[in-house]
Amino acid sequence: MKGRHAANAHSLKADGRTYSETVRHADSRGSRQQGRPAISVGTLHVMCIGMVYAAMFCLILWRIYWTPAPLPLATPARQFSEARALQHVHKLAGDIGERQVSTPALNTAAQYIKDTASQLAEQASERHDLHMQVRQEQVTGSVLMGLLGLELANIYQNLTNIVLTMTPMGYDATPAVLVNAHYDSAVGSPGASDCASPVGVMLETARTFIANDDIHLTAPVIFLFNGAEETLSQAAHGFMAHDKEASRVGAFINLESTGPGGPDILFQASGGWTSEVYARAAPHARGQVFGQDLMDAQIIPADTDYRMFSYDYYGTLPGVDVAFLLDSSAYHTHEDAPHRIRPGTVQAMGDNMVGAIPAFAEHLSRQAAKGPPPAPHASSNSVYFDLCGLWMISYTASTAKWLHSAMLPLVLLFPPPGVARAAMGKVAGMCLLSMLCCLALPAAVGGLRALLSGQQLIWFSNHLAGGCIYTPAAIVGAVLPFRLAQRQQMTINTQVAGSCLFNAVLAVLLVVAGGKVAYSHALWSAAAYISLWIVPKVDSALGLAAALGCAVFPATSTLTGILLLATHLMEKMSMTGAPPGPLLWGPDAIMGALFGAGTFVYGGFIVPWLAHCVRRHFKLFVRGLMVVSAVSAIAASLSLDTYTAKTPKRLFIQHIIRGSNTDQPYSVFAAASSDATPVDVVLTGLNLTPAAMDGREWLPMYPMHDMIRGKVFPAPRPDPNLFAFPPTLSLVSRNPHGRVPTGQGEGARCKPGEIERLDLQLKLPQPGVGVLNVTGNIQGWSFSDPMPKSYTKRGPAQRVARCGGNVGSEIWSFWVDLQCGEAVSISVAASFLTKTSALQSFVDQMPDWIASSAMTTFQSSWTFSQAGRCDGIVYY
């Protein structure tokens with residue numbers, strides 16, 4: 001008898017099960033043998049984990065899309081009304097329509113905003129405690145910028161800003177709150193959400209301040225309606241550099257949009273107090289610092305006017321960036337129309353502005369009473385996030401440093417009961433492997449699906465498909481390494497403690513790297529640590545209950561950011577660049593890795609718990625999830641369309657002309673894609689024969705020129721009378737710089753070693769946007785000081801300037817400095833929104849799931865040598 005017991009004990013040990021587990025297993029087998037249904041304890045625990053996580057997911061998803069009830073036109077004047085704000089949106093995006101720099105429609109929009117603001121100023125004249133002034137400013141200037149790792153001089157001419165200043169009596173000397181939104185729209189888009197809706201919010205907010213005398217402003221408020229954001233924030237820079245009101249601004253709120261779906265999210269902040277005040281004062285405050293880390297990393301081609309105001313970049317001010325985030329598939333397309341704005345989103349932003357602007361003013365007023373504010377620095381920034389869209393938490397970066405780093409010494413000095421430090425270290429290594437597998441497995445599934453099916457971005461128009469393809473594979477990747485811990489007979493206490501240590505280390509590493517999302521890992525580490533002290537014997541139903549209870553706070557605080565970021569990136573993936581042909585599967589793999597990262601962060605220390613609960617049927621669990629992932633991938637590839645009329649593919653189309661209207665010009669259509677789906681898919685059936693490319697076709701897109709892939713096709717010659725003349729670059733004068741005044745001494749010869757200045761003039765047939773690529777060893781130019789770095793590593797230096805302007809900007813005068821005797825070549829790509837008849841016909845052939853941005857582009861190259869002589873014009 002003793003021998004049988006000894007043999008059984010040995011077999012139990014070899015099987016890695018405790019005696020109680022084996023008894024439960026035997027009982028379950030007995031129950032099944034008696035015909036009664038039985039569910040194992042492990043299965044019940046997995047069901048509990050699934051239900052809790054599903055409940056949190058549904059709650060967060062509901063809260064993300066929640067909005068306050070939109071108020072109608074009949075709302076009392078003292079309240080903000082979405083219906084009244086939308087009247088401005090319908091006028092700008094509906095009646096006026098597309099409003100690009102260089103077009104008459106932009107001037108019409110500026111006049112409408114000025115007239116509306118003037119009416120508000122008349123209403124304010126009835127109040128003796130409030131003074132309002134409306135100004136129209138024309139700005140001209142330049143700024144040296146960096147974007148996507150490249151530098152350029154961004155120059156602008158004759159842009160229009162409308163400035164509405166609201167000054168409460170007795171606060172003239174107090175620093176002002178700047179509230180900004182742009183009223184221009186992207187090419188091919190009426191711009192209802194981007195950015196007519198924030199403009200409408202600002203106008204209705206100003207009206208509310210006038211009508212509601214219970215709102216006490218304690219600082220001036222400057223409403224800036226700027227006329228050129230889509231051309232890389234030119235008008236915002238013009239205000240900061242040239243407007244007389246700029247010097248009195250103390251803080252700013254920038255309003256933006258990347259889609260008509262809302263909600264309005266604070267995603268960038270400078271100055272620790274700005275996000276704290278916004279979180280306290282805005283009634284529907286939402287904020288996610290995930291967005292700030294993403295923008296700071298500059299890994300996506302996105303930017304806002306925030307960059308021109310914030311002291312973190314080109315400006316001098318503390319402030320916040322608030323934007324509508326979702327439904328980005330309509331962003332910068334014809335689908336960004338008034339009817340697509342989700343009800344309640346404008347109301348939410350308006351309510352937030354009515355609360356936040358007076359709070360910003362109050363802070364500036366109190367700060368002014370104490371004396372000049374301290375000089376801004378990196379530790380003045382903040383960490384912020386919201387809980388289910390109900391509460392927003394914000395604290396300074398200096399607080400975050402010690403708060404996010406505190407768990408590591410705590411875990412090492414006071415480890416959880418019954419857990420050895422060495423064992424925790426081993427499990428922390430398994431957590432690292434878990435994170436890598438969680439990224440790699442869904443990435444492999446996504447890349448393989450795209451490679452085998454030939455369909456990229458299949459989830460673009462159906463986000464649920466992406467979740468079904470990637471999430472099961474990510475869960476498998478997360479739990480796989482913990483199988484090793486089970487084979488080494490590590491207790492669940494040790495595994496949870498190891499996860500606690502791993503998240504503590506990861507939080508410290510992110511703090512050192514400057515990542516503000518360190519808060520999520522610090523929260524997970526603290527939650528795991530607390531759960532181990534609440535129930536020392538974790539391997540029980542009570543231990544799981546304690547773990548899930550402790551996981552609710554970190555899971556809900558991170559899931560909002562994860563869902564918003566995942567949805568936004570899925571919708572914006574069609575604008576993040578076209579990979580080379582052999583790597584067309586890359587974006588699908590990247591999206592899989594992003595899903596994996598989100599799954600790992602959302603899972604936290606519950607991941608080892610999940611692996612522990614399925615240990616008895618681990619292979620079945622893994623196989624089942626991989627089957628779900630594979631079936632979802634196959635079903636999506638067979639039944640879904642990547643693009644639809646509501647979620648269109650973006651296509652850049654140019655009619656490129658090299659030559660003049662009188663000669664036989666080189667004339668081609670250039671069609672380019674900014675995502676992984678090649679243009680061949682779009683142009684199939686049009687019977688077009690591709691022409692040879694030289695790579696310069698995409699110069700007008702600089703600095704995004706390397707992110708797009710396309711083809712060119714022969715095109716008819718342009719309409720003879722559409723443009724009076726092609727863009728012309730002429731030499732005005734040449735002088736040895738410093739010896740003869742610029743513009744005089746025509747024909748003076750420079751001496752070896754001297755610098756010669758060439759005064760040049762670019763003349764356009766009509767206002768437009770352009771790119772000048774200056775090739776040569778130039779010593780300086782008028783566009784910026786210093787000059788941008790060359791974007792080529794080999795051969796002659798090449799520097800780029802982008803230019804844009806409104807009516808009256810047909811002539812661009814500038815100079816370049818050369819060493820005496822050296823040559824310079826200037827390539828010009830001037831683009832106009834006036835379409836040739838051939839271009840319009842080409843665009844009309846596009847299917848309804850295409851959103852076209854079309855331009856007519858003249859390209860030419862001009863070489864100056866022999867002491868400034870123009871040796872001729874080469875049209876490539």
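What you are looking at is a predicted structure, and each value in this text was computed from that prediction instead of being measured.
Between Phe713 and Phe669, the distance from one ring center to the other does not fall under 6.0 angstrom.
Between Pro678 and Leu584 there is a side-chain heavy-atom pair separated by less than 4.5 Å. Side-chain atoms of Asp706 and Tyr791, non-hydrogen and from C-beta on, never get closer than 4.5 Å to each other. The shortest side-chain heavy-atom distance between Val668 and Met693 does not fall under the 4.5 Å cut-off. Contact check for Pro648 versus Glu335: side-chain heavy atoms found under the 4.5 Å cut-off. Tyr331 is listed as a side-chain neighbour of Lys572, based on a closest heavy-atom distance under 4.5 Å. Proximity of Tyr156 to Arg802: side-chain heavy atoms (C-beta onward) are nowhere separated by under 4.5 Å. Between Ile656 and Arg658 the shortest side-chain heavy-atom distance falls below 4.5 Å. Residues Phe652 and Ser674 form a side-chain contact, since some pair of their non-hydrogen atoms from C-beta on lies under 4.5 Å apart.
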| Step by step, would you call Lys649 with Ser673 a side chain to side chain donor-acceptor pair (under 3.5 Å)? | CA-CA 8 Å; Lys649 174 181 173 58; Ser673 171; 2.5 Å; yes

| request: Show your reasoning for whether side chain to side chain donor-acceptor pair (under 3.5 Å) applies to Asp675 and Gln456. | output: CA-CA 9 Å; Asp675 64 21; Gln456 294 79 30; over 6 Å; no

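Counting all heavy atoms, side chain and backbone alike, Met145 lies closest to Asn154 at SD-ND2, 3.4 Å.
Heavy-atom contacts from other residues, nucleotides or ligands closer than 6.0 Å to CH2 of Trp698 number more than 12.
Using cut-offs of 30° and 60° on the angle between ring planes, the pair Phe723 and Phe832 is tilted.
Comment: Arg342 does not engage Asp327 in a salt bridge, judged by the lack of any side-chain N to carboxylate O separation of less than 4.0 angstrom.
The side chain to side chain contact (heavy atoms under 4.5 Å, CB included) test with Pro260 singles out one residue from Asp194, Ile341, Leu326, and that residue is Ile341.
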